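Note that this is a predicted model, so its numbers are computed, not measured. Starting from 1, each residue takes its place in the sequence as its number.
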Amino acid sequence: MDGVSETHTGWTFLTSHARVLAAIAEDRRTRIRDIAVRCRLTERAVQKIISDLEQDGYLTHTREGRTNAYRIQPGTILRHPAEAGMTVEALLSALAQHDDQRDDRREHTGAPVNSPSDGGG
């Protein structure tokens, strides 16, 4: 959550569903509580989003002890007609590439990055 302002008003480019999916891609055993903090959502909202993603075939989970282990279905096609043919894997790859570039800039400058090219809005 470094480099992200604590408050936000208005719309954003990424949906909450995309943010939750990206959080799970980063750690498939992450807790709903941790996803909620990372995505700045309520735990109830995260539960609903995970349910949506599972219902539409983007995600499955298995119980491992007291935690869930999630599995993203990488070949699933995104829903919106404008992204026809784009897979979940392609979306997550683009987001990961962005995160890597942002982290590289932080290492070189030593400061948090929150610029328009960074999606900081």
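The two residues Thr30 and Ala23 make their nearest non-hydrogen contact at CG2-O, 4.3 Å. When every heavy atom of Ser16 is checked against every heavy atom of Ile49, the shortest pair comes out as CB-CD1, 3.6 Å. Scanning all heavy atoms of the two residues, the minimum distance from Ala22 to Leu92 falls at CA-CD2, 3.8 Å. Here the shortest heavy-atom pairing between Thr60 and Glu54 reads C-OE2, 3.6 Å.
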Side-chain donor/acceptor pairs under 3.5 Å, residues 78-85, sequence neighbours excluded:
from  : atom 1 : to    : atom 2 : distance (Å)
Arg79 : NH1    : Asp56 : OD2    : 2.7
His80 : ND1    : Ala82 : N      : 2.9

N/O donor-acceptor pairs under 3.5 Å from side chains in residues 67-74, not counting sequence neighbours:
from  : atom 1 : to    : atom 2 : distance (Å)
Thr67 : OG1    : Glu64 : O      : 3.1
Asn68 : OD1    : Arg63 : NH1    : 3.1
Arg71 : NH1    : Gln73 : OE1    : 3.2

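In this structure, the separation between OG1 on Thr76 and CG on Leu59 is 9.5 Å, given to the nearest 0.5 Å. Rounding to the nearest 0.5 Å gives a distance of 11.0 Å between CG of Leu95 and CD of Glu26. The CD1 atom of Ile35 sits 10.0 Å away from the CD atom of Gln47 when rounded to the nearest 0.5 Å. Atom CD1 of Ile32 is separated from atom CG of Leu41 by 12.0 Å, given to the nearest 0.5 angstrom. The structure places NE2 of His17 at 11.5 Å from SG of Cys39, a figure rounded to the nearest 0.5 Å. Atoms OG1 and CD, from Thr87 and Glu89 in turn, are 5.5 Å apart once rounded to the nearest 0.5 Å.
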Original post:
Does the pair Arg38 and Arg19 meet the rule for a side chain to side chain contact (heavy atoms under 4.5 Å, CB included), with working shown?
Top reply: CA-CA 9 Å; Arg38 175 181 171 160; Arg19 292 179 189 280; over 6 Å; no
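Two residues are said to be in side-chain contact when any heavy atoms from C-beta on lie closer than 4.5 Å; Val46 and Ile50 meet this criterion.
A donor-acceptor pair is defined here as one N or O able to donate and one able to accept, closer than 3.5 Å; such a pair exists between the side chain of Tyr58 and the backbone of Ile77.
For Asp27, there are no salt bridge (charged side-chain N to carboxylate O under 4.0 Å, His left out) partners at least two apart in sequence or on another chain.
A salt bridge is defined here as a Lys NZ or Arg NE, NH1 or NH2 lying under 4.0 Å from an Asp or Glu carboxylate O, and Asp52 with Lys48 meets this definition.
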